[in-house]
Each structure stands twice: as structure tokens, then as C-alpha cells.
Amino acid sequence: MQLTLVKPSDELEEAYEDFRADWKRRQEKIVPYAVRGEGLTYPQLMEFLYRRENAPEEGQVPSTAFFLINENREILGAIDIRHRLNDYLLSYGGHIGYGVRPSCRGRGLAAKMLAMALPYAKSLGIDRALVTCDRENPASAKTILRCGGILEDERFLENEWVQRYWIAL
């Protein structure tokens, strides 16, 4: 299977709607938040992602979203790379958030996607990427560890334990 990280584009609208439907069928919210697009049309999502990258709102940091696609241009997952950390991201969200569509989980795609995204993070001047996950998500912890993550600590935030890992770039 040939995998590629691509920025969301107009050509991926139909693939995105299929991606969105997969999450809805499983009654899950799309992860990462940046590509959730709740209540947005695809063109509105594209504008939202452009603003996040180029002119984020007050208190937000710039971020770049990518879709993981296969040779058939199906969206298998998404990843959001924050260009720097604010206080909230340092404690909870980290530099990188990612998610694999429910029907494609268990194939190692998250680790491949994260590994593919790390060079982009490095190109932003990030020497150590903070990646977090819920303690109740051992699959995500395994993904982060496979990509070189080292657990720094666990913090109780917003009614859940969050594990904070650093990946040297």
C-alpha cells in the first residue's frame, strides 16, 4: 500500500465526506479536532484550516493539517502539526494530534503517519515534539513509543489522565 501525507485540497472533498461518514457510523468524533469540521461544509473546512495555518485566532498557534491517503486517494487518517506550543498545548495537546478512521485501525497506520509527519515538524524548527494521549488509549501510547517517544509524565486534566511523550527530532 502506497501512503502519502497531503494537505487537504478541493480534490479530496468526496474522500473527506467518506472519511467523515466512517467516524459518524461508529458514533465517534473525528480526531484530530482540526479536521473535524462539525457544522462546516468542506469548502468552509478548507478555509478554517487555511486560517489555522496562516492567521490563527487570538490565543491559538499556527498549525498544519495533513491527510494520510492511499493510492486510491482514500483518506485513512489525519494529522495536525502545531508549529509551537502555548501553555495549554504544553500541558495537554502537544505539537501533534492524529487519528485513523475507525475502519482502518489496527494496521499500524497511525505510527506510519506520525513517522511521516516528524520531518515536517523538524522543518518548522521543532527539535523535540511533544505528543500526548489519554492514558486509557494504549494503542496511541504504543504508536508514540514506536516513533521514539519517551514518557515524561502523566497529568490529570479535564477529568482524564494524559500521558506526555517527547520525540527527539
Side-chain angles (χ1 to χ4, degrees), residues 1-53 56-57 60-83 88-89 92-121 129-147 149 157-163 165 167:
M1 178 183 326
Q2 182 178 340
L3 300 173
T4 310
L5 283 182
V6 298
K7 284 189 174 184
S9 64
D10 293 340
E11 301 83 49
L12 292 172
E13 182 171 359
E14 188 176 318
Y16 177 78
E17 294 306 330
D18 185 59
F19 175 76
R20 180 186 279 184
D22 192 11
W23 290 83
K24 188 174 183 176
R25 277 190 297 276
R26 304 292 176 105
Q27 299 180 352
E28 294 182 41
K29 290 188 177 200
I30 293 175
V31 179
Y33 168 80
V35 300
R36 189 170 293 163
E38 287 181 343
L40 301 178
T41 64
Y42 189 75
Q44 290 170 330
L45 174 64
M46 296 290 297
E47 176 60 29
F48 171 76
L49 294 173
Y50 178 84
R51 283 193 319 271
R52 280 180 62 95
E53 184 170 7
E57 294 181 15
Q60 301 292 312
V61 302
S63 69
T64 304
F66 294 93
F67 289 138
L68 178 69
I69 62 169
N70 64 14
E71 61 277 359
N72 298 322
R73 311 263 313 148
E74 296 170 300
I75 299 173
L76 307 179
I79 194 160
D80 187 41
I81 303 166
R82 293 146 199 134
H83 299 193
Y88 176 79
L89 293 172
Y92 181 74
H95 285 102
I96 301 172
Y98 57 86
V100 172
R101 69 188 293 163
S103 64
C104 293
R105 293 181 185 149
R107 301 180 196 171
L109 294 173
K112 289 175 185 170
M113 181 169 52
L114 180 55
M116 293 167 71
L118 293 176
Y120 182 79
L130 177 62
V131 186
T132 67
C133 68
D134 297 342
R135 184 168 66 183
E136 303 302 317
N137 188 347
S140 190
K142 183 178 175 182
T143 292
I144 298 165
L145 290 167
R146 284 180 62 188
C147 290
L157 299 165
E158 299 179 7
N159 297 318
E160 60 190 2
W161 283 97
V162 175
Q163 295 178 324
Y165 295 84
I167 301 174

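- Annotation: side chain to side chain contact (heavy atoms under 4.5 Å, CB included) contacts of Gln2 (sequence neighbours excluded): Thr4, Glu71.
- Heavy atoms of other residues, nucleotides or ligands lying less than 6.0 angstrom from CD of Glu47 number more than 12.
- Residues satisfying the side chain to side chain contact (heavy atoms under 4.5 Å, CB included) criterion with Lys7, sequence neighbours excluded, are Glu53, Thr64, Phe66.
- Remark: Glu160 pairs with no residue by the salt bridge (charged side-chain N to carboxylate O under 4.0 Å, His left out) rule, at least two apart or across chains.
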Checklist entry - When you look at Cys147 and Tyr165, which way does the side chain to side chain contact (heavy atoms under 4.5 Å, CB included) test go after all the steps? => result CA-CA 10 Å; Cys147 290; Tyr165 295 84; over 6 Å; no
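- Minimum interatomic distance between Phe19 and Val35 (heavy atoms only, all atoms of both residues): CE2-CG2, 4.4 Å.
- Residue pairs meeting the salt bridge (Lys or Arg N to Asp or Glu O under 4.0 Å) criterion with at least one member in residues 34-46, sequence neighbours excluded: Lys29-Glu38.
- Arg135 meets the salt bridge (charged side-chain N to carboxylate O under 4.0 Å, His left out) test with Glu154; sequence neighbours excluded.
- For the atom pair Leu5 CG and Phe67 CZ, the distance stands at 11.5 Å (nearest 0.5 Å).
- Checked against side chain to side chain contact (heavy atoms under 4.5 Å, CB included), Glu57 has the following partners two or more places apart in sequence or in another chain: Gln60.
- Ring geometry, Tyr33 versus Phe48: the interplanar angle exceeds 60°, so the pair is classed perpendicular (tilted spans 30 to 60°).
- Taking CG of Leu45 as the start and CG of Leu40 as the end, the distance is 6.0 Å to the nearest 0.5 Å.
- In terms of modelled atom types and a separation under 3.5 Å, the side chain of Tyr42 and the main chain of Ser9 share a donor-acceptor contact.
- Among residues two or more places apart in sequence or in another chain, the salt bridge (charged side-chain N to carboxylate O under 4.0 Å, His left out) test is passed with Glu17 by Arg20.
- Here the shortest heavy-atom pairing between Ile30 and Tyr16 reads CD1-OH, 3.8 Å.
- For Tyr92, the ring-ring contact (aromatic ring centres under 6.0 Å, His included) partners are Tyr88, not counting sequence neighbours.
- The shortest heavy-atom contact between Pro43 and Glu13 is CD-OE2, 4.2 Å.
- Distance check, rounded to the nearest 0.5 Å: CG of Leu49 to CG of Asp80 gives 8.0 Å.
- Glu74 is linked by a side chain to side chain contact (heavy atoms under 4.5 Å, CB included) to Asn70, Asn72, Leu76, counting only residues two or more places apart in sequence or in another chain.
- Judged by distance alone, with hydrogens and angles left aside, the side-chain atoms of Arg82 form a donor-acceptor pair with the main-chain N or O of Gly94 at under 3.5 Å.
- Of all the heavy atoms in Ala78 and Pro32, the pair that sits closest is O-CD, 3.4 Å.
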Side-chain donor-acceptor pairs under 3.5 Å in residues 96-117, sequence neighbours left out?
from: Tyr98; atom 1: OH; to: Ser140; atom 2: O; distance (Å): 3.3
from: Tyr98; atom 1: OH; to: Ser140; atom 2: OG; distance (Å): 2.7
from: Arg101; atom 1: NE; to: Asp22; atom 2: OD2; distance (Å): 2.8
from: Arg101; atom 1: NH1; to: Asp18; atom 2: OD2; distance (Å): 3.4
from: Arg101; atom 1: NH1; to: Ile75; atom 2: O; distance (Å): 2.8
from: Arg101; atom 1: NH2; to: Asp18; atom 2: O; distance (Å): 3.1
from: Arg101; atom 1: NH2; to: Asp18; atom 2: OD2; distance (Å): 3.0
from: Ser103; atom 1: OG; to: Asp22; atom 2: OD2; distance (Å): 2.6
from: Arg105; atom 1: NE; to: Val100; atom 2: O; distance (Å): 3.1
from: Arg105; atom 1: NH1; to: Glu28; atom 2: OE1; distance (Å): 3.2
from: Arg105; atom 1: NH1; to: Glu28; atom 2: OE2; distance (Å): 3.2
from: Arg105; atom 1: NH2; to: Glu28; atom 2: OE1; distance (Å): 2.8
from: Arg105; atom 1: NH2; to: Val100; atom 2: O; distance (Å): 3.4
from: Arg107; atom 1: NH2; to: Ser103; atom 2: O; distance (Å): 3.3

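- Residues forming a salt bridge (charged side-chain N to carboxylate O under 4.0 Å, His left out) with Lys142 (at least two apart in sequence, or on another chain): none.
- Interatomic distance, Ile144 CD1 to Asn137 CG, rounded to the nearest 0.5 Å: 8.0 Å.
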